[in-house]
Each structure stands twice: as C-alpha cells, then as structure tokens.
Asker: 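I'd like to ask some things about the structure below.
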Amino acid sequence: MPVKIPDNLPAAEILESENIFVMSETRAANQDIRPMKVLILNLMPNKIETETQLLRLLGNTPLQVDVDLLRIHDKESKHVSIDHMNNFYRDFEQVRHKNYDGLIITGAPLGQVEFEDVSYWDHIREIIDWSQLHVTSVLFLCWAAHAALYHLYGLNRKLLTTKRSGVFTHKRTTEHYPLLRGFDDEFFAPHSRFAEMDVENLRAHPQLQVLTESDTAGAYMVLSKSNRNLFVMGHPEYQKSTLKDEFLRDLAQGLNPEIPLNYFTDNDPNKAPIARWHSHGSLLVSNWLNYYVYQLTPYNLDDMSGITPWES
C-alpha cells in the first residue's frame, strides 16, 4: 500500500523513481480506507533528504500511511527554502488538538549541546509530553532518543571524546518481541553521534527493556515496558551516501573527523561505501508500524483510552 504525502512534495519524484508507491493527497481523498496517520517531527537540517529517507521506509509496508510533517519553529533554514517549510510543514499549534497513530522524531546535530541549552528544549519537552496522550506509539531516533530518555526517565547520556560514526554489528538481547520478528541474530546499523547512553542504566530501569545492542556502539533499540515508546540510538533511515556526506562536510569544516568505521570498501574513504543496513531498517519500521501502531491503535483516533499494550 502507498504512503500518502502532500501534493508536490519533492520526495515524491525520488521515491517514484525507486518504484516506491506514493499517493498524493488528492488521489487518496477518493479512497474509502482508514490509513495510519503518522506525524514526523523533522529536526535534521537537510529537511528534504530526511523526508525522503523516512518516507522510503514508511512506504515499504502493506499499510496505507498518511503523513504530516511537523517543524519545531518557523525560523529560516540554511538548507531548505522557507517556501518548502511553509507549504509542507505544520506548526505544533495546528496539530495539538489531533491524535495520531504514530510519531517519528528525528535526530538533530546537537550531540555536544546540553539539553537545557538547546534553544527549543522547552518545545521538545512539550511535544514529548503531548505525544504520551495523543499518539499510539512514538519512534525516537538518535538525538531524539537521548532527549526523550532524559526527559521521560531521567537518564542522561555521556559525551564521547570522538564522534561515533560508522556501521556496527548488533545482536538481539531478548527473544519473542514482535519488534524483532524476522531479525537475524546479528545485523548492521549505522551510527553518527557524539554521545551514548549507559547500557547498564538502561537495563536497570524498571520501565525499559534493551532489545538490541552492539559491543562497540552500545545500546541500539530500547523499548518502554508500555510498548508505547521506541528509542533507536542510530540511524536506520540513512541512505548509502549519508555517512560519506557527513564525513566530507566535517572535513571541509576543518574538524578532522575519523573515517566512519566498517563503511567504505577496505575502510578507504577514496573507495565506495557499502550499505549493509537497508534490509534491517525496513524491517524495523515495518514491524513498528504493524505491531506497535496498527495492532494497538483504535479505529477511532478520537478515543485513545482503549489502547492495550502487548504482553511481553
């Protein structure tokens, strides 16, 4: 089934060229079906690239998904036109009164900034609190996962001396969770961050369950015991070139970055990168949408009181 997106969104042309079924708002209005309503809070600077990455994953599911894009503020961005933001993004006041089946909050380039020093920290906390009452399931990615674990559970990250960048092997730490159906015992996922959560603190928290982790990159997938919040510490949405683009950007800025590990052929940045995580990323989002959104959400989104979490 298709992912429904706003008419004329630039990502549509890219996704259609990849044979991913997308549907415009105009065409979808003629279908008699209850789609999954998913809100994306996009905190990444390159909005269009991140939109495309996430819509690519949401489009790889048998469910019809109706997507709204949310912005954290109405300030101009260096990486996307104000016209794009005004045409395709909503402000929080426009969605505050609504309920959604799912919410995705992306990462943000704020890994070395204390949470309280982030200019929109109060707004992020407000949206996270709102989501606990108005969204069936929330998927937090990278920085957003750290921010939500800090705000909801009081668990703080620790800063790293160097950026954790590369593609790392992960393993399942538990069995029989719907989110992990179809997962191999080991799988790859990309990371790009300046901080990480202490896995022992996560394991010790009575409201959290560590589902997958890496010996090198630490905790990766953490699920709340209510099954309503999923924290993913890496970037399953990244396309093949993203880590390379970030590496070249940091080089150009004189930051002397380390070469992303296990990413370039022979670990040589002059050779092509190797994508090892796309199948995992698609399965992760498909399982989340199916088992933690579609299977739990009420048919009538006006009434969120009857949601029953999985027995795990």
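None of the values given here were measured: they were computed from a predicted structure.
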Asker: Would you say that more than 12 heavy atoms from the other residues, nucleotides or ligands in this model lie under 6.0 Å from the CG of Asn256, or not?
Answerer: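 Count not over threshold, so no.
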Asker: For Asp83, is there any backbone N or O sitting under 3.5 Å from a side-chain donor or acceptor partner on Asn87?
Answerer: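 Side chain of Asn87 to backbone of Asp83: a pair is present.
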Asker: Could you check if a side-chain atom of Val199 sits within less than 4.5 angstrom of a side-chain atom of Val222, using non-hydrogen atoms only?
Answerer: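 No - every pair of side-chain heavy atoms lies 4.5 Å or more apart.
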Asker: If Ile, Leu, Val, Met, Phe, Trp and Tyr residues are connected whenever their side-chain heavy atoms lie under 4.5 Å apart, and connections chain through other members, are Trp130 and Trp121 in the same group?
Answerer: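 Cluster IDs for Trp130 and Trp121 match.
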Asker: Is it the case that Arg157 places NZ or CZ above or below the six-membered ring of Phe194, under 6.0 angstrom from the centre and within 45 degrees of the axis?
Answerer: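 Judged by the rule, Arg157 and Phe194 form no cation-pi pair.
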Asker: Going by the salt bridge (charged side-chain N to carboxylate O under 4.0 Å, His left out) test, which pairs reach into residues 205-222, not counting sequence neighbours?
Answerer: Lys171-Asp215, Arg203-Glu213
Asker: Is the closest side-chain donor-acceptor distance between Tyr89 and Asp74 under 3.5 Å?
Answerer: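 There is no such pair (donor and acceptor under 3.5 Å, judged by atom type) between the side chains of Tyr89 and Asp74.
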Asker: Decide whether Leu141 and Leu283 are clustered together by the hydrophobic rule: side chain heavy atoms of Ile, Leu, Val, Met, Phe, Trp, Tyr closer than 4.5 Å, transitively.
Answerer: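 Yes, one cluster joins them.
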Asker: Among side-chain atoms of Glu246 and His235, is any donor-acceptor pair under 3.5 angstrom?
Answerer: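 Glu246 vs His235: no donor-acceptor pair found between side chains.
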Asker: May I ask you to establish whether Arg228 and Tyr292 are in a cation-pi arrangement, using a distance under 6.0 Å from NZ or CZ to the six-membered ring centre and at most 45° from the ring axis?
Answerer: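 No, cation not above the ring by the 6.0 Å, 45° rule.
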Asker: For residues Gln64 and Met36, determine if any side-chain heavy atom of one lies less than 4.5 Å from a side-chain heavy atom of the other.
Answerer: no
Asker: Is there a donor-acceptor pair closer than 3.5 Å between any side-chain N or O of His191 and the backbone N or O of Val167?
Answerer: no
Asker: Could you tell me whether a side-chain N or O of Thr242 sits under 3.5 Å from a main-chain N or O of Tyr238, the two making a donor and an acceptor?
Answerer: no
Asker: Run the side-chain donor-acceptor check on residues 94-109: report pairs under 3.5 Å with partners two or more places apart or on a different chain.
Answerer:
residue: Gln94; atom: OE1; partner: Asp91; partner atom: N; Å: 2.8
residue: Arg96; atom: NE; partner: Glu93; partner atom: OE1; Å: 3.3
residue: Arg96; atom: NE; partner: Glu93; partner atom: OE2; Å: 3.3
residue: Arg96; atom: NH1; partner: Glu126; partner atom: OE2; Å: 3.2
residue: Arg96; atom: NH2; partner: Glu93; partner atom: OE2; Å: 2.7
residue: Arg96; atom: NH2; partner: Glu126; partner atom: OE2; Å: 2.7
residue: Asn99; atom: OD1; partner: His134; partner atom: ND1; Å: 2.8
residue: Asn99; atom: ND2; partner: Leu301; partner atom: O; Å: 2.5
residue: Tyr100; atom: OH; partner: Asp68; partner atom: OD2; Å: 2.7
residue: Asp101; atom: OD1; partner: Arg34; partner atom: NH2; Å: 3.0
residue: Asp101; atom: OD1; partner: Thr297; partner atom: OG1; Å: 2.5
residue: Asp101; atom: OD2; partner: Arg34; partner atom: NH1; Å: 2.9
residue: Asp101; atom: OD2; partner: Lys37; partner atom: N; Å: 2.6
residue: Thr106; atom: OG1; partner: Leu43; partner atom: N; Å: 2.8

Asker: Would you mind reporting whether Ile128 and Leu152 have side-chain heavy atoms less than 4.5 Å apart?
Answerer: yes
Asker: Exactly one of Leu243, Ile274, Ile259 should register a side-chain contact (heavy atoms from CB on, under 4.5 Å) with Phe264. Which one does?
Answerer: Ile259
Asker: Please determine, by modelled atom types, if Thr216 and Ser214 share a side-chain donor-acceptor pair under 3.5 angstrom.
Answerer: no
Asker: I'd like to check Met304 versus Pro298 (side-chain heavy atoms, cut-off strictly below 4.5 Å). Are they in contact?
Answerer: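 Yes. Closest side-chain heavy atoms under 4.5 Å.
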Asker: Do side-chain atoms of Thr174 reach the backbone of Leu211 as a donor and acceptor pair under 3.5 angstrom?
Answerer: no
Asker: Hydrogens and angles aside, do Glu116 and Tyr150 bring a side-chain donor and acceptor to less than 3.5 Å of each other?
Answerer: yes
Asker: Given side-chain contact (heavy atoms from CB on, under 4.5 Å), test Lys225 with Gln209 step by step and report yes or no.
Answerer: CA-CA 7 Å; Lys225 290 291 181 68; Gln209 172 71 55; 4.0 Å; yes
Asker: Do Met233 and Phe140 make a side-chain contact, defined as non-hydrogen atoms from C-beta onward lying under 4.5 Å apart?
Answerer: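 No, side chains not in contact.
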Asker: Whether Lys163 and Asp250 form a salt bridge (side-chain N of Lys/Arg under 4.0 Å from carboxylate O of Asp/Glu) is what I want to check.
Answerer: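 A salt bridge is present here (some side-chain N lies under 4.0 Å from a carboxylate O).
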Asker: Is any side-chain N of the basic residue among Glu196 and Arg164 closer than 4.0 Å to the acidic one's carboxylate O?
Answerer: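 Looking at Glu196 and Arg164, the cut-off is met.
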Asker: Please report the C-alpha distance between His205 and Leu155 in whole Å, then the side-chain angles of each, then the deciding distance to 0.1 Å, and finally whether the side-chain contact (heavy atoms from CB on, under 4.5 Å) criterion is met.
Answerer: CA-CA 9 Å; His205 199 286; Leu155 298 176; 4.1 Å; yes
Asker: Output yes when a side-chain donor or acceptor of Thr61 lies under 3.5 Å from a complementary backbone atom of Leu58, and no otherwise.
Answerer: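 No, the answer is negative, given that no donor and acceptor are paired below the 3.5 Å cut-off.
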Asker: Determine whether Val38 and Asp66 make a side-chain contact, defined as any pair of heavy atoms from C-beta on separated by less than 4.5 Å.
Answerer: no
Asker: Under the side-chain contact (heavy atoms from CB on, under 4.5 Å) criterion, do Asn46 and Val80 qualify, and how do the steps go?
Answerer: CA-CA 7 Å; Asn46 193 329; Val80 66; over 6 Å; no
Asker: Apply side-chain contact (heavy atoms from CB on, under 4.5 Å) to the pair Trp288 and Leu230, showing each step before the final yes or no.
Answerer: CA-CA 9 Å; Trp288 173 68; Leu230 173 60; 4.0 Å; yes
Asker: Please say yes or no: joined through hydrophobic side-chain contacts below 4.5 Å, possibly via intermediate residues, are Leu180 and Leu139 part of one cluster?
Answerer: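 Yes, same cluster.
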Asker: So, the side chain of Ser81 versus the backbone of His84: is there a donor-acceptor pair under 3.5 Å, distance only?
Answerer: yes
Asker: Would the His146 and His151 ring centres measure less than 6.0 Å apart?
Answerer: no
Asker: Less than 6.0 angstrom separating the ring centers of Trp277 and Phe187, yes or no?
Answerer: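 That pair fails the under 6.0 Å test.
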Asker: So, for Arg193 and Ala217, which heavy atoms are closest and what is the spacing to 0.1 Å?
Answerer: NH2-O, 2.7 Å
Asker: I'd like to know if the side chain of Tyr263 and the backbone of Lys240 have a donor-acceptor N/O pair within less than 3.5 Å.
Answerer: yes
Asker: Using modelled atom types only, decide if a donor and an acceptor are shared between the side chain of Ser286 and the backbone of Asn60 within a distance under 3.5 Å.
Answerer: yes
Asker: For the backbone of Val210 and the side chain of Thr173, can you confirm whether one donor and one acceptor N or O come within less than 3.5 Å of each other?
Answerer: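 Answer holds: yes.
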Asker: Is a donor on one side and an acceptor on the other found under 3.5 Å between the side chain of Ser224 and the backbone of Asn229?
Answerer: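 It does hold such a pair.
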Asker: Taking the six-membered ring for Trp, are His280 and Phe188 closer than 6.0 Å centroid to centroid?
Answerer: no
